[in-house]
Number of protein chains: 2
Amino acid sequence: MFNENPIWKGLRRSAPDHPRPLADAVLRLIWNARRISRAEIARLAGLSRSTVSEVVGEILPLGLVSEIGEGPSRGGRRPIVLEFRDDSCVILGVEMGGAHVAVALTDLRGRVLAWETRGHPVRSDPAGTRRLIAELCARCLESSPAGGRPLVGIGVAVPSPVDPSRPDGLSRVVMPAWEGRHGLEDLGERFGVPIFVDNDANLGALAEHWWGQGGGVDHLAYIKVATGVGSGHIIGGEIYRGATGVAGEIGHLAIDPQGKRCVCGLRGCLATLVGGQALQERAAELLPEFPESTLAGRPFTVLEIEDAALAGDPLALKVVGEVAKHLGTAVAGLLNLMNPSVVVLGGDLVQLGNLLLDPLRDRVKNRTLISSVAAADIVISELGPRSVAIGAATLVLKASLGDSRLFPEIPVPTVEEAER
Amino acid sequence: MFNENPIWKGLRRSAPDHPRPLADAVLRLIWNARRISRAEIARLAGLSRSTVSEVVGEILPLGLVSEIGEGPSRGGRRPIVLEFRDDSCVILGVEMGGAHVAVALTDLRGRVLAWETRGHPVRSDPAGTRRLIAELCARCLESSPAGGRPLVGIGVAVPSPVDPSRPDGLSRVVMPAWEGRHGLEDLGERFGVPIFVDNDANLGALAEHWWGQGGGVDHLAYIKVATGVGSGHIIGGEIYRGATGVAGEIGHLAIDPQGKRCVCGLRGCLATLVGGQALQERAAELLPEFPESTLAGRPFTVLEIEDAALAGDPLALKVVGEVAKHLGTAVAGLLNLMNPSVVVLGGDLVQLGNLLLDPLRDRVKNRTLISSVAAADIVISELGPRSVAIGAATLVLKASLGDSRLFPEIPVPTVEEAER
DNA sequence: CAAACTTTGTGCGGCCACCGATCAAAGTAT
DNA sequence: ATACTTTGATCGGTGGCCGCACAAAGTTTG
C-alpha cells in the first residue's frame, strides 16, 4: 500500500509538535542565499512581502540572521540586506574511525574552526573512546579562535551500520565490544546539547553533498577507501539508509568469483581486493616478481606503498592499478544499480590521485552500457580526510535548519554592537 | 547544497496550482481504509470532526465516495460508513513488451476487469504498435463487464529507461526505431484522458508494492526475468529513477569476468547468463553432455526448457540451476547496495517456482555479510505476468489519488439509486 | 426501565496564517 | 521636475481549521 501514517506530512500548517514551519522555511532560504532582502525572499518563495516581513520579524530575535545594511537598488528603494550569521554558533562533528578519533569544530557553513585527532583502539575500548571523544570535544571548544559561542549539538560518525529504527544502536557484528549501543547520551548531557549519530560513510556523503563537488546534485555516492571500503548515498537530499540501515555496503560486492576468501565467507568481495590491508597483502604476494622494487626486503606500510607508487615504483604501480580496476568494477555496478549523478572518492587512498582515478574511470567506461550512466562524474574528495567529521557536524546543522528550535539561544547584538 | 526550489513543498496550505490539499488527503485516507466513518477519519488524521465533516461534504459530490449505511456502535450513536467506490471509474494499463502488447482494464483497486494481449514486433514497428495499443484499449473498454464507466487515464509501460527530465522520451539506444519519442499523445487525445508513461520494471515494482507481497514495505525491488532481465525499485513509496532514469539496471552487473561477451561490450553481464535467450544458448551448449535429455535432437523454446525442468529433465535442471545461482549473485549485490525489504521476482521464468527460488536464496545467503541484509524476503510475484500492465494502471491511480482533479466527472447516484 | 454516559455528525463563532491594498520612503528613468 | 519602481511596514480581510455546543442515537448502570 502507501502513505501509512504520515498522510498529513506538510499538510497542517502548524502541527502541535512544530509551530510556525514557515519561519523555519524562510530561515533555510536565508541560509541558502547567505545574503538576501525581504523582497527577494518573497519572490523566491512565492510569498507576499507582508508575510515575509512578519516572518522575518520572528526570525531576527533568534540571533541567527542580521540586517547588515542596504543593497543596490533595482530601480526603486534600496533593500535591507539580511545575512545569515554563520558564526553565531558552533557545531562539533566527531569521527570514530577503526583506529582513531577525530573531532571538528565547525561554524554554520561547514568551515572547520578547530581540529583534534588521536589514534585509539576504538573497536576494542568503548569506555576509553567515550572519554577520548569528550576530551577532544572540550579541547576543540577551548581552542576555538572565537570561543564562547553557543554550541548547537554534537554529531557522531560511527564505523558501523545504524539501523534507522534503533538510532541509539550499533551493529554487534561490526563492533562487538560496544554491546550494540554507542552510549553517547552522557556526552550530550555533559555539553548540554543534543547528539546525532549516523554511519561514517553516510556522513561523508552528506559532507560532500553540502560542501564538496556534489553540491546541488540530487543523488550522490561517496566511497571511502581506507583500511576497508564503504559507501554512503544521498538521494533527494536525504541520507539513504535502506530498509535496515545497511544500504550502500559496496565492500562485499562480488568482483572476482575466483578471488580470495573474505571474512564474510565468500570469495572475491571488493573488500578483499581494495583497501589498505588488501594493498599490503597483494604487494607482498607480487614481491618475488619485482625484486628491484623499493619495497623489497623489508616490511612496509600502506603509506609506503602509496609513496612508492607516486614515485613510480613498478610493483606499487601494478598493485595500485589492480586496486583501481577492481574498484572501477564495483563502481560500475553501483552506477548501474543506483545511477547517481556524482561519485566522490574519499579516504586515505585518494592521495594517489590520477593513479587511482584514471584506471578506475577506464574500467567504468567499459562496464556501463548506457551512456547516461557512464556520464556520472567520478571525482576525488576536496574535503579529504576531514569529510566524515565535517559530515557529522553537518548532520546537526541539517537537523537544526529543519527545526530552528534546535538552535541555542544566541545573544542578539545591540544596535551599537551591530554598527561596530 | 540542498532544498533548491521545492522549499515550500507542503508548507503552503493552498498552492495556486492545487487548492484544497486536505480534501485529497482525506480522499486518500478513505481509499486506504476502504470503509470508514467521519469520526474515524478525524481520529486517524488528527483532525477535528467538524473539519472532517466539511471536507467530506466536498468529497461526496465527486462521486468517488458513497455513504453506504450505518456501522456498529462504539458505545454511542452509530457512525455513517463512507465507502470508496472502487468501481466508480476504470483505468487502462498498457504493457509494451519486447515482442508483445498487453492491455489491462482495472478498477480503482487494481482488479483486472478486462485483459487483451497480442504478439507484435514492438521494437521495430512504432506506428503499428501505436495502432495496436489503441485497438486493444478500445476492445478492453468495449468488453468491460460494466461498460460506460468513465476512464481516468491510460498508463503505459515501455521497455526502455525513462529519463525523469524528459518524460515523453525513450532511449534511442534500446529502441532506435522509435527515434527517441513514444508518440503516445494521440492515444490520450483519442480517449480524452491523460497519459502516464514509465519504465516496465519500475511499474512492475509499483504494482507489487500496491497490490502484491510488497505491500506496506518502505523499499521494494522488482526483478523481471523474461527475454532479458531488468529491475525496478520503490523507495519510500515512490518509484526510484536515479539521476538519469536508468537506476536499477541489474542486467549489466558483472557476474563472471570470464563469461560470454555481452551486447554492451563486456563479459559476464547478468544479461548474458540469465533470461530466455541465455537459457536457450546454455542448454544448446550443454546438450552434448546430456544425450538422454528430452530436449535432445530438435530445436526447443524457452518454455520447453522450463517444462522439461519442471518434469525433472537433468539438462534443463542443470541450466535452470545455473541461472538461479547467477541471479542469486546479482540479487546479493543488489541487497548489499540498496538494502530493500522485499525482492519480488516476476516475468516468465518465475513459473519455475522453487526450482528457481531455492538455489537463488542459497546463493544470496552465502553472499551477504550482514544478517539484516540477508533477511530480506525474496518471493515470487503473485500478480504474475500481469504485474507490469497492472502497474501501468496503478501509475494513473497513484497520480489521481495525489490530485483528485485528475478523476473524471462521475455521475453521482441519486438517493433512489443508492438505496437500490 | 429510567437515568447517566458515549459517540457521531453538524453548525457556529473564533483564531491565525497569509494575502492584497495602501502608504511612506527612497531610489531610477525621462 | 515629473513619473514610475521598488522596498518594507501596516491593516483589514479571507479562508482553513479548531473548539464548543447541540441534537440524535446508541450503551451501560442502578
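Side chains included, hydrogens not; waters and symmetry mates left out as well; all remaining heavy atoms used. Quick note on labels: first sequence line is chain A, next is B, and so on, each numbered from 1.
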ask   = Between B/Ile80 (CD1) and C/dT7 (P), how many Å, whole number?
value = 17 Å
ask   = Between atom CZ in B/Arg38 and atom C1' in C/dT10, what is the gap in whole Å?
value = 9 Å
ask   = A/Glu70 has an atom CD; how far is it from atom P of D/dT7, in whole Å?
value = 12 Å
query = Can you check whether B/Arg78 has a side-chain N or O nearer than 4.0 Å to OP1 or OP2 of D/dG26?
reply = yes
request  = Check for a donor-acceptor pair, side chain of A/Trp31 on one end and backbone N or O of A/Leu108 on the other, with a separation under 3.5 Å.
outcome  = yes
remark   = To the nearest angstrom, the CD-P distance between B/Glu58 and D/dG16 comes to 7 Å
key: Side chain of A/Leu22 (C-beta onward), nearest among D/dT7, C/dC18, C/dG27   = C/dC18
query = Do A/His219 and B/Arg241 touch side chain to side chain, with heavy atoms closer than 4.5 Å?
reply = no
message = Can you see if the side chain of A/Arg74 gets near the phosphate of C/dG27 - specifically, an N or O under 4.0 Å from OP1 or OP2?
response = no
note = Heavy-atom nearest pair, A/Asp107 first then A/Ile91, reads O-CD1, 4.3 Å
request  = Could you state the atom-to-atom distance from CG of A/Leu47 to P of C/dC16 in whole Å?
outcome  = 20 Å
Under 4.0 angstrom between A/Arg77 side-chain N/O and D/dT5 OP1 or OP2 = no
query = Is B/Arg43 near enough to C/dT8 that one of its side-chain N or O atoms lies under 4.0 angstrom from OP1 or OP2?
reply = yes
request  = Starting from P on C/dT7, measure out to CD on B/Glu40 and report it in whole angstrom.
outcome  = 12 Å
key: Which nucleotide in D/dT6, C/dT28, D/dG8 has an atom nearest any side-chain atom of A/Ser53   = D/dG8
ask   = Please give, in whole Å, the distance from C/dT8 P to B/Glu67 CD?
value = 15 Å
From C/dA21, C/dC12, C/dA26, nucleotide with atom closest to B/Ser50 side chain = C/dC12
Interatomic distance where CZ belongs to B/Arg49 and P belongs to C/dG11 [whole Å] = 14 Å
key: Nearest to side-chain heavy atoms of B/Ser48, which nucleotide of D/dC18, C/dC18, C/dG27   = D/dC18
For the student: nearest non-hydrogen atoms of A/Asp86 and A/Arg111, plus distance = OD2-NH2, 3.4 Å
key: Stepwise side-chain contact (heavy atoms from CB on, under 4.5 Å) check, A/Ile234 with A/Leu206   = CA-CA 7 Å; A/Ile234 304 292; A/Leu206 190 66; 3.9 Å; yes
query = Closest to the A/Thr51 side chain: C/dC19, C/dT8, D/dC17?
reply = C/dC19
